[in-house]
Trainee: 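Here's a structure for you.
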There are 2 protein chains.
Amino acid sequence: MTDTAAPRRRDAAATRLLLLDAARRRFAADGYSATTVRDIAEDAGVNVALIHRYFTSKEGLFEACLTGVGDELGRTAGEDLTLDRIAHDIAARLVGPHTAKHPNQILLLLRSSGDERAERIRQDILGTFAVRLAAAAGWRADLPDADQRLLSAQVTLATAFGLAVLRSSTTLEPLASAGHDDLVAPLARLVNALLKP
Amino acid sequence: MTDTAAPRRRDAAATRLLLLDAARRRFAADGYSATTVRDIAEDAGVNVALIHRYFTSKEGLFEACLTGVGDELGRTAGEDLTLDRIAHDIAARLVGPHTAKHPNQILLLLRSSGDERAERIRQDILGTFAVRLAAAAGWRADLPDADQRLLSAQVTLATAFGLAVLRSSTTLEPLASAGHDDLVAPLARLVNALLKP
DNA sequence: TGGCTAAGTCAGCAATCGTTTACATATCGC
DNA sequence: GCGATATGTAAACGATTGCTGACTTAGCCA
């Protein structure tokens, strides 16, 4: 019985990703301060000291996680967002296939480390996301009711985040075990009421 | 110059409330694990050891905070909740007058300590609150579409929580500085779309 | 193949955490 | 007024935290 696991091949980029991946899960699920660097390192199967080698600090790692989801959202939820697909997209991001690999990464955008730079990154992502949502609903900055429309988009965004939080931290039924289609129904009505021009 | 502050009169119940009050603020604002018992004690102007005397542990104090907001919600958001007052009530709870004394106490219901008993308390409060919301919209357990209606009520609840989180942890404009009336407008449309029978 | 550098390991630092214990003193019934 | 007891204080405990430095070893190129 060779129970001694074969030591992984040395690869800086690969272990960096391992750490980033484990960190994203932990931070999203447990929050910043409840997560220890030793937890992350153990999840990644990597020595603790490497966290500081590749990310200089726990804060640095958290920052990297934030920019990670930022880039991912930038790619996934692209420019071609149409009004009648918003409800579907939100539902997909709550129960979709990526949820299996990266459960509830949206939550990461609500986790706070207290660090100023991380906070700025978070603000930027949320801001551009809200604008993108509003734009899909015909919003433009020079319209007379621009503020009210943007506010409505942010309320819609709030619903998405609230659903993510409730589903991840409670067993509130029927919400907790609602599937994609179950969520699309009320979300479509919500989007229609809030964002329809 | 008598700069030595007059030592408060010894009063167990009073200092218990001082601790509870400070704890509710801290836990709601910073979360469970980011809050230290020394922070709470200092805010309350009270010795750290008294936390363990009156609440046996940090977890115990957190539990007491939860049941506190539970009772308060039970009293404030009474039985007489009508459909067309929901939007107003939610908005009031986000920017209302109690917000001055107890800013964002709703957030406490989303903070997790990991403790099992605290988790149960949280679940109970959220569950009954969702049912109460649904009931105001004509929901009854024996209706054929009971689940869908309850789900819609929980989505509405999710919006309220999402708004609380976003407003407390970001400076997302115009949401962050939106007043009561600004919020009622979209919330009324939302409630109308989701809960109207 | 030998050696140099990058990649990973190990042990332990100082600080802070929740908690406990031993002690001081205000408060109140008698 | 006196003593019993509830209330508050002070100091420290062990455990855990993020982090660091000195060390070992694998990987690659000349």
Side-chain angles (χ1 to χ4, degrees), chain A residues 4-27 29-66 111-118, chain B residues 2 4-24 26-27 29-66 111-118:
Chain A
T4 58
R8 282 181 305 97
R9 180 171 173 74
R10 291 192 174 183
D11 184 340
T15 58
R16 223 192 86 103
L17 283 183
L18 249 60
L19 281 173
L20 209 59
D21 212 61
R24 283 174 57 168
R25 285 186 226 271
R26 282 280 186 176
F27 284 143
D30 304 334
Y32 179 80
S33 53
T35 302
T36 72
V37 290
R38 287 178 171 83
D39 285 337
I40 298 173
E42 190 175 3
D43 285 1
V46 152
N47 193 285
V48 202
L50 295 182
I51 287 183
H52 301 91
R53 185 194 290 283
Y54 293 134
F55 302 96
T56 62
S57 70
K58 186 188 178 186
E59 298 261 17
L61 176 53
F62 183 69
E63 244 179 68
C65 290
L66 273 186
R111 306 301 190 185
S112 174
S113 74
D115 182 56
E116 201 169 319
R117 306 205 314 149
Chain B
T2 64
T4 58
R8 281 182 305 99
R9 180 172 172 75
R10 291 192 174 183
D11 184 341
T15 59
R16 221 192 87 103
L17 283 184
L18 249 64
L19 282 173
L20 209 59
D21 211 61
R24 282 174 58 168
R26 281 281 186 176
F27 283 143
D30 304 334
Y32 179 80
S33 53
T35 301
T36 73
V37 290
R38 286 178 171 83
D39 285 337
I40 298 173
E42 191 175 1
D43 285 1
V46 150
N47 193 285
V48 203
L50 295 183
I51 288 183
H52 301 89
R53 184 194 291 283
Y54 292 132
F55 302 96
T56 63
S57 71
K58 185 188 178 186
E59 298 261 19
L61 176 54
F62 183 68
E63 245 178 66
C65 290
L66 274 187
R111 305 302 190 184
S112 174
S113 74
D115 181 56
E116 202 169 320
R117 307 205 311 148

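Below, chains carry the letters A, B, ... as their sequence lines are ordered, and counting in each starts from 1. Keep in mind that what you see is a predicted model, and the values were worked out from it rather than measured.
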Trainee: Over how many whole Å does the gap from Glu42(B) atom CD to dT9(D) atom P extend?
Mentor: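 Roughly 13 Å, once rounded to whole Å.
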Trainee: Check the phosphate of dT25(D) against Arg10(A), side-chain N and O only, distance under 4.0 Å to OP1 or OP2. Yes or no?
Mentor: no
Trainee: What's the CZ-P distance between Phe62(A) and dG18(D), to the nearest Å?
Mentor: 14 Å
Trainee: Nearest 0.5 Å, what's the CG-CD1 distance between Leu50(A) and Ile40(A)?
Mentor: 13.0 Å
Trainee: Send over the distance from Arg26(B) CZ to dC17(C) P, rounded to a whole Å.
Mentor: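 Atom CZ in Arg26(B) sits about 11 Å away from atom P in dC17(C).
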Trainee: For Tyr32(B), is the NZ or CZ atom of Lys58(B) found under 6.0 angstrom from the centre of its six-membered ring and inside 45 degrees of the ring axis?
Mentor: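 The answer is yes; both the distance and angle limits are met.
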Trainee: Test Tyr54(A) against Leu20(A) for side-chain contact (heavy atoms from CB on, under 4.5 Å), laying out the working first.
Mentor: CA-CA 10 Å; Tyr54(A) 293 134; Leu20(A) 209 59; over 6 Å; no
Trainee: Rounding to a whole Å, what distance do you find between Leu50(A):CG and dC23(D):P?
Mentor: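 After rounding, the reported distance stands at 18 Å.
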Trainee: In residues 11-22 of chain B, which residues come under 4.0 Å of DNA chain D by heavy atom?
Mentor: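 The stretch gives Asp11(B), Ala12(B), Thr15(B) as the residues lying under 4.0 Å from the strand, ordered by number.
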Trainee: Pick one: which of Arg117(A), Arg111(A), Arg24(A) meets salt bridge (charged side-chain N to carboxylate O under 4.0 Å, His left out) with Glu63(A)?
Mentor: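 Result for salt bridge (charged side-chain N to carboxylate O under 4.0 Å, His left out) with Glu63(A): Arg117(A).
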Trainee: Could you tell me how far apart Tyr54(A) (OH) and dG8(C) (C1') are, to the nearest whole angstrom?
Mentor: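 That distance rounds to 8 Å.
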Trainee: Please report the closest heavy-atom contact between Ala34(A) and Asp30(A), naming both atoms and the distance.
Mentor: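 For Ala34(A) and Asp30(A), the tightest heavy-atom pair comes out as CB-O, 3.2 Å.
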Trainee: For the side chain of Ser57(B) and the backbone of Gly60(B), is there at least one donor-acceptor N/O pair under 3.5 Å apart?
Mentor: yes
Trainee: Using the 3.5 Å cut-off, write out each protein N or O paired with an N or O of nucleotides 10-17 of chain D and the distance between them.
Mentor:
from    : atom 1 : to       : atom 2 : distance (Å)
dA12(D) : N6     : Arg38(B) : NH2    : 3.3

Trainee: Base, sugar-phosphate, or nothing: which does Phe55(B) touch, judged by heavy atoms less than 4.0 Å apart?
Mentor: nothing
Trainee: Going by side-chain hydrogen bond (donor to acceptor under 3.5 Å, both in side chains), name the residues that satisfy it together with Arg53(A), two or more places apart in sequence or in a different chain.
Mentor: none
Trainee: Rounded to whole angstrom units, what separation is found between the CZ atom of Arg9(A) and the P atom of dA6(C)?
Mentor: 16 Å
Trainee: Considering all heavy atoms of both residues, which atom of Leu19(B) and which atom of Val46(B) are nearest to each other, and what is their separation?
Mentor: CD2-CG1, 3.9 Å
Trainee: Answer yes when Arg26(A) and Asp43(A) have at least one side-chain N-carboxylate O distance shorter than 4.0 Å, and no when they do not.
Mentor: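 Yes, this pair counts.
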Trainee: Calculate the interatomic distance between His52(A) atom NE2 and dC13(C) atom P; express it in whole Å.
Mentor: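 Taking atom P of dC13(C) as the reference, NE2 of His52(A) is at 17 Å.
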Trainee: Report the distance from atom CD1 of Ile51(B) to atom C1' of dC17(C), rounded to the nearest whole Å.
Mentor: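 Spelled out: CD1 on Ile51(B) to C1' on dC17(C) is 13 Å.
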